[in-house]
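Each remark here refers to the structure printed beneath this line.
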Amino acid sequence: MSSEVRVRFAPSPTGYLHVGGARTALFNYLYAKNTGGKFILRIEDTDRARSTEESISAIFRSMKWLGLDWDEGPEVGGAYGPYFQTQRLGTYDEYAKKLLESGHAYYCFCSQEEIDRERKEMEDARASSQKYSGKCRNISLSEARERIAKGEKAAIRFKVPAKEIKFDDIVRGELSFDGNLIGDMVIVRSDGIPTYNYAVVIDDALMNITHVLRGDDHISNTPKQIVMYEALGFKTPRFGHISMILGPDGTRLSKRHGATSVEEYDKGGILPEALVNYLALLGWSPEGDREFFTKDELISEFSLSRVAKSPAVFDSTKLKWMNGSYIRKADDLAVAKMCAPYLIEAGLLKKEELESKLEWLAKVMKTAKTSFDTLVDAPAHVNLFFGEEYEVKKDDAEVAKYILDKQLTNKVIDFIISEIETFPEYNLAAVKGAIKKAQKTLGFSGHDVFMPLRVSLTGHSSGPGVYEMFDILGKERTIARLRGFASKYLS
RNA sequence: GCCCCCUUCGUCUAGCGGCCUAGGACAUCGCCCUUUCAAGGCGGCGGCGCGGGUCCGAAUCCCGCAGGGGGCGCCA
């Protein structure tokens, strides 16, 4: 028996991978890798009505995108499979039988309607606890079997012992619950499908899971699970409950707060490295003030003792900032490559010409990458480098306002153009020189001329440096654009 | 209604009895750099939920209260 750490992430495929789930998966992953243990993926698909194939593949996709590769689980296999709960039904039956025979569980013949009515009554009566009454507890196993043989439907309930249930939570310390307040829970539905609380115990035990790290919405499930481990004679794992991720209004993060799925962040131009880095810092903190970590650094720095107890609000502004920082730090060619799909989609670039233009694109990114934080924003910030002619990308009242404000006229543009042409060589100095002279003679600064130009070209008052744009564009195209601009707005 | 968890700047957090006049980051504001815009550099604003204890000494320990969150399913 080795002391190897074995942790798992066990999503139910009823939707996409949520950032909250992603963080739970990440913490499990980091802990496993930090300790040299195994990270296991298991799919909890016992809710047949809501589980879908599409969700399963979306979860796999997101996990891989984030770089959270699992050591055991679907696709990769392992010694403790299968890793889909619906493929383990026989095992659950087997242990349910044991529980029934050892008297830890019993058949329950209450109908859904009866239970609903009971619950309603307890609510009305303001009962201290709204647990199941235990009505079927005393039906003997043999009697129950007879009734089932006659065609009656029955669920199986676990008999929760009336005692104090304690455990030492890795992140919260000693926690205790009163078994008297926990109703006997259904472990196998009348259709034979096990419920979550039961299936997890069987799977975690049989898969030799040593540490269960999950969201703190599971805290109150833990005592229920512990009594089952005990009844079954399994060794209980250590539990660690990570706090929730909240929306800006302080309630549990959900769709109405905006993007919550990992996939949406991928589509929104967030880099997986940035998301992982950001998520790691949500509820965990390293020693010292450092904030940027590669995955390997996270692995070596990670420690459960530095996981926070309190919930955290998901701050998409900080995520974006961090993402922008990753973009700025990446080398120009890498940025060109990661932006390429977005540029193609925006129609700025053709797929076929990417290869030949990559180097040029890197040059564009050198100047442009400081102005956008997400990849989807890239096209809007570099569109002014594309196309031969002057082309208004966004007709904006702002442009006219700038022109009016500065009393910009054709004369100024003509002056600048002729200055550029008189320079023996076209380069950045030529453009700067022309502007300088325009300011001296006509009183127009770079800001006066370039702000309306920039806005007309990009629709933004912020963006890549216009001087640098001219540098990349070359003389002919620079002049063409200045002329185009003048004829559109200054005639 | 009952049970459980949580509580440091607007947000993420450091802090584990004296190093705290509470540190860092995002956001925000100002300045610098730049004859543009970003980025970058520097600086400002801003916080220990409240009330009792314990102690020479409390953000740190204990007890109440308040607020927030989660759970009480034949959902996971």
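Keep in mind that what you see is a predicted model, and the values were worked out from it rather than measured. Chain A is the first sequence line, chain B the second, and so forth, proteins listed ahead of strands; every chain is numbered from 1.
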Q: Mind checking A:Thr46 for me? I need base, sugar-phosphate or nothing, with any heavy atom below 4.0 Å counting as a touch.
A: sugar-phosphate

(Q) Only pairs with both distances under 3.5 Å count, Watson-Crick or wobble alike; so what is the partner of B:C75 in this structure? (A) none

Q | Whole angstrom value for the distance that separates P of B:C72 from CG of A:Leu181 | A | 14 Å

Q. Could you walk me through whether A:Phe302 and A:Trp284 pass the ring pair (Phe, Tyr, Trp, His ring centres under 6.0 Å) check?
A. CA-CA 8 Å; A:Phe302 190 77; A:Trp284 170 79; 5.6 Å; yes

Q: Taking only the side-chain heavy atoms of A:Arg189 (C-beta and beyond), determine which of B:C74, B:C12, B:A14 contains the nearest atom.
A: B:C74

Q.
For the C1' atoms, the ones on B:G49 and on B:G71, what distance do you get once it is rounded to whole angstrom?
A. 24 Å

Q: Provide the distance between the two P atoms, one in B:C12 and one in B:G70, to the nearest whole Å.
A: 15 Å

Q: Please work out if A:Ser190 contacts a base, only the sugar-phosphate, or nothing of the nucleic acid, heavy-atom cut-off 4.0 Å.
A: base

Q: Output all residues satisfying side-chain contact (heavy atoms from CB on, under 4.5 Å) with A:Ser325, sequence neighbours left out; order by chain, then residue number.
A: A:Phe292, A:Arg328, A:Lys329

Q: Would you classify A:Gly283 as touching base, sugar-phosphate or nothing, given that sugar-phosphate means primed atoms plus P, OP1 and OP2, and contacts are heavy atoms under 4.0 Å?
A: sugar-phosphate

Q | Atom-to-atom span, CG of A:Asp373 to P of B:G40 - whole angstrom | A | 9 Å

Q. For A:His241, which contact category applies under a 4.0 Å heavy-atom criterion: base, sugar-phosphate, or nothing?
A. nothing

**Q.** Nearest-Å distance once atom C1' is located in both B:G64 and B:C72
**A.** 26 Å

Q) Is any N or O donor-acceptor pair between the side chain of A:Lys369 and the base of B:A39 shorter than 3.5 Å? A) no

(Q) Please give the distance between the C1' atoms of B:G46 and B:U21 as a whole number of Å. (A) 15 Å

Q: Under 4.0 Å between any heavy atoms, over every strand shown, what does A:Phe372 touch: base, sugar-phosphate, or nothing? Just pick one.
A: nothing

Q. Which of these nucleotides, B:C26, B:A39, B:A76, is closest to any side-chain atom of A:Arg328?
A. B:A39

**Q.** Partners meeting side-chain contact (heavy atoms from CB on, under 4.5 Å) with A:Ser418 (sequence neighbours left out)
**A.** none

Q.
Among residues at least two apart in sequence or on other chains, which ones pass ring-ring contact (aromatic ring centres under 6.0 Å, His included) with A:Phe372?
A. none

Q. Is A:Asn221 touching bases, backbone alone, or none of the nucleic acid, heavy atoms closer than 4.0 Å?
A. base

Q: Could you check how far NE2 of A:His381 sits from P of B:A38, rounded to whole Å?
A: 10 Å

(Q) With a 3.5 Å limit on both atom pairs, tell me what B:C48 is paired to, counting Watson-Crick and G-U wobble, or say none. (A) none

Q.
Check the phosphate of B:G24 against A:Arg290, side-chain N and O only, distance under 4.0 Å to OP1 or OP2. Yes or no?
A. no

Q. C1' atom, B:C61 versus B:C16: distance in rounded Å?
A. 11 Å

Q: Rounded to the nearest angstrom, tell me the gap between atom CG in A:Leu281 and atom P in B:A27.
A: 15 Å

Q. Within the structure shown, what part of the strands sits under 4.0 Å from A:Arg48 by heavy-atom distance: base, sugar-phosphate, or nothing?
A. nothing

Q) Who does B:C37 pair with, Watson-Crick or G-U, both distances under 3.5 Å? A) none

Q.
Once side chain to side chain donor-acceptor pair (under 3.5 Å) is applied, what residue pairs with a partner in residues 308-319 of chain A remain, sequence neighbours excluded?
A. A:Glu291-A:Lys318

Q.
So for atom CZ, which belongs to A:Phe60, do other residues, nucleotides or ligands contribute more than 12 heavy atoms lying within a distance under 6.0 Å?
A. yes

Between the protein and nucleotides 41-50 of chain B, list the N/O to N/O atom pairs that are separated by less than 3.5 angstrom.
none

(Q) For B:A38, does the base pair up with any side-chain atom of A:Thr370 as donor and acceptor (N or O, under 3.5 Å, distance only)? (A) yes

Q. Heavy atoms under 4.0 Å, any strand shown: does A:Ser243 hit a base, just sugar-phosphate, or nothing?
A. nothing

(Q) Could you check whether A:Arg306 pairs with A:Glu301 (Lys NZ or Arg NE/NH1/NH2 to Asp/Glu carboxylate O, under 4.0 Å)? (A) no

Just list the side-chain donor-acceptor pairs under 3.5 Å for residues 153-167 of chain A, sequence neighbours left out, or say none.
unit_1	atom_1	unit_2	atom_2	d
A:Arg157	NH1	A:Asp184	O	2.7
A:Lys159	NZ	A:Gly103	O	3.4
A:Lys163	NZ	A:Glu230	OE1	3.1
A:Glu164	OE2	A:Ser176	OG	3.3

Q: Mind checking ring-ring contact (aromatic ring centres under 6.0 Å, His included) for A:His18 and listing every partner two or more places apart, or none if nothing turns up?
A: none

Q: Once you apply the 3.5 Å cut-off to both distances, tell me the Watson-Crick or G-U wobble partner of B:C61, or none.
A: B:G53

**Q.** Salt-bridge criterion met for A:Arg50 and A:Asp47 (N-O under 4.0 Å)
**A.** yes

Q.
A:Tyr265: which residues meet the ring-ring contact (aromatic ring centres under 6.0 Å, His included) condition with it, sequence neighbours left out?
A. A:Phe314

Q: Rounded to the nearest angstrom, tell me the gap between atom CG in A:Asp289 and atom C1' in B:G24.
A: 4 Å

(Q) Whole angstroms only, please: what is the CD1-C1' distance between A:Ile245 and B:U11? (A) 14 Å

**Q.** From A:Glu44, A:His218, A:Gln85, residue fulfilling side-chain hydrogen bond (donor to acceptor under 3.5 Å, both in side chains) relative to A:Tyr196
**A.** A:His218

Q) Could you state the OH-P distance from A:Tyr16 to B:A76, rounded to the nearest angstrom? A) 21 Å

**Q.** For B:G10, the Watson-Crick or wobble counterpart (both distances under 3.5 Å)
**A.** B:C26

Q) What interatomic distance, in whole Å, is found between P of B:A38 and the corresponding atom of B:C29? A) 12 Å

Q. Closest to the A:Glu291 side chain: B:C12, B:A25, B:C75?
A. B:A25

Q | Integer-rounded Å distance: B:G71 C1' and A:His218 NE2 | A | 11 Å

Q.
For A:Phe109 and A:Tyr107, take the angle between the two ring planes, folded into 0 to 90°, and tell me which bin it lands in: parallel under 30, tilted 30 to 60, perpendicular over 60.
A. tilted

Q.
Would you measure the distance from the C1' atom in B:A27 across to the matching atom in B:U13 and give it in whole Å?
A. 15 Å

Q) Taking the side chain of A:Arg252 as heavy atoms from C-beta outward, which of B:C12, B:U13, B:G71 is closest to it? A) B:G71

Q | Rounded distance in Å between the P positions of B:C5 and B:C62 | A | 13 Å

**Q.** 5' priority, RNA chain B, between A:Cys110 and A:Asp178 [closest heavy atom]
**A.** A:Asp178

Pick out the pairs of N or O atoms, protein on one side and nucleotides 6-10 of chain B on the other, that lie under 3.5 Å.
none

Q | Side chain of A:Trp321 - closest among B:C4, B:A76, B:A27 | A | B:A27

Q.
For A:Gly250 and A:Cys108, find the nucleotide of RNA chain B closest to each by heavy atoms; which residue's nucleotide sits nearer the 5' end?
A. A:Gly250

Q | Nucleotide nearest A:Thr317 (side chain, heavy atoms from C-beta), chosen from B:C26, B:A14, B:C3 | A | B:C26

